[in-house]
Amino acid sequence: MTQPTITSEDVKNYLQNLLLEEKKINLEGVALNTNLKELNIDSFGFLEVIFSIEHHYNIFFPQGIDNINTLQDVIDVTYDLIQQKAKAA
């Protein structure tokens, strides 16, 4: 049985729902290039988001993910990790 294909848009939708449900941050009208700090997501909140994404998609972010600063960065890195996992399967 093949897994359904996950798109970048799916990741974006999941992130939007996650931030709304867990952090009470509504991303409606917020640009994807918005810095996470501008949304009041501190380093602890960032780790909570990453852990939720890892659990949901069964992926693991590598150590030193310092290059994630914006919503789009989160989407791009998550999508890339999902694609890498799919290729390895």
Side-chain angles (χ1 to χ4, degrees):
M1 183 172 186
T2 58
Q3 294 284 2
T5 302
I6 296 171
T7 66
S8 181
E9 188 69 20
D10 294 332
V11 174
K12 179 182 126 189
N13 291 337
Y14 175 74
L15 180 61
Q16 288 176 324
N17 290 331
L18 174 70
L19 290 176
L20 183 59
E21 291 175 16
E22 290 191 12
K23 301 291 177 198
K24 307 302 182 222
I25 298 172
N26 186 347
L27 295 181
E28 187 173 322
V30 175
L32 293 178
N33 64 349
T34 300
N35 192 294
L36 298 173
K37 290 179 183 175
E38 292 177 40
L39 297 172
N40 295 320
I41 298 175
D42 61 10
S43 56
F44 182 71
F46 174 72
L47 288 176
E48 290 179 318
V49 169
I50 294 302
F51 291 147
S52 293
I53 291 170
E54 287 181 332
H55 179 74
H56 182 79
Y57 288 111
N58 195 25
I59 58 173
F60 298 98
F61 282 76
Q63 295 291 330
I65 49 175
D66 299 337
N67 61 333
I68 298 178
N69 299 306
T70 68
L71 295 169
Q72 189 64 57
D73 292 340
V74 175
I75 294 166
D76 292 343
V77 171
T78 301
Y79 183 70
D80 288 346
L81 290 169
I82 292 167
Q83 295 303 304
Q84 289 172 16
K85 180 183 172 192
K87 287 179 185 174

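Contacts of V49 classified as side-chain contact (heavy atoms from CB on, under 4.5 Å), with partners at least two apart in sequence or in another chain: L15, L18, L19, K23, I53. In this view, E22 and S52 satisfy the side chain to side chain donor-acceptor pair (under 3.5 Å) rule, not counting sequence neighbours. In terms of the side chain to side chain donor-acceptor pair (under 3.5 Å) criterion, residue partners of D73 (sequence neighbours excluded) are, by chain and number, T70. Among residues two or more places apart in sequence or in another chain, the ring-ring contact (aromatic ring centres under 6.0 Å, His included) test is passed with Y79 by none.
Note that the CD1 atom of I59 and the CD atom of Q83 stand 10.5 Å from one another [nearest 0.5 Å]. Between atom CD1 of residue I50 and atom CZ of residue F61 there is a gap of 4.0 Å, rounded to the nearest 0.5 Å.
By the rule that hydrophobic residues join a cluster once side-chain heavy atoms approach within less than 4.5 Å of another member, I41 and V30 end up as members of one cluster. No path of Ile, Leu, Val, Met, Phe, Trp and Tyr side chains, each step under 4.5 Å between heavy atoms, connects F51 with V77, placing them in separate hydrophobic clusters. Residues F46 and L32 share a single hydrophobic cluster, defined by chaining ILVMFWY side chains whose heavy atoms lie under 4.5 Å apart.
Considering only heavy atoms from C-beta on, L27 stays 4.5 Å or farther from L20 through its side chain. For the pair T78 and I82, the minimum side-chain heavy-atom distance is below 4.5 Å.
For residues 8-28, the ring pair (Phe, Tyr, Trp, His ring centres under 6.0 Å) pairs, not counting sequence neighbours, are Y14-H56, Y14-Y57. Sorted by first then second residue, the salt bridge (Lys or Arg N to Asp or Glu O under 4.0 Å) pairs that include residues 6-18, not counting sequence neighbours, are E9-K12. For the side-chain hydrogen bond (donor to acceptor under 3.5 Å, both in side chains) condition, no pair includes a residue of residues 31-46, sequence neighbours left out. Applying the salt bridge (Lys or Arg N to Asp or Glu O under 4.0 Å) rule to pairs touching residues 74-89 yields nothing, sequence neighbours excluded.
Of all non-hydrogen atoms in A31 and L71, the two that sit nearest each other are O-CD1, 3.7 Å.
Judged by distance alone, the side chain of Q16 and the main-chain N or O of N26 form no donor-acceptor pair under 3.5 Å.
Within the hydrophobic cluster formed by Ile, Leu, Val, Met, Phe, Trp and Tyr side chains joined at under 4.5 Å, directly or through other members, F44 stands alone, with no partner residue.
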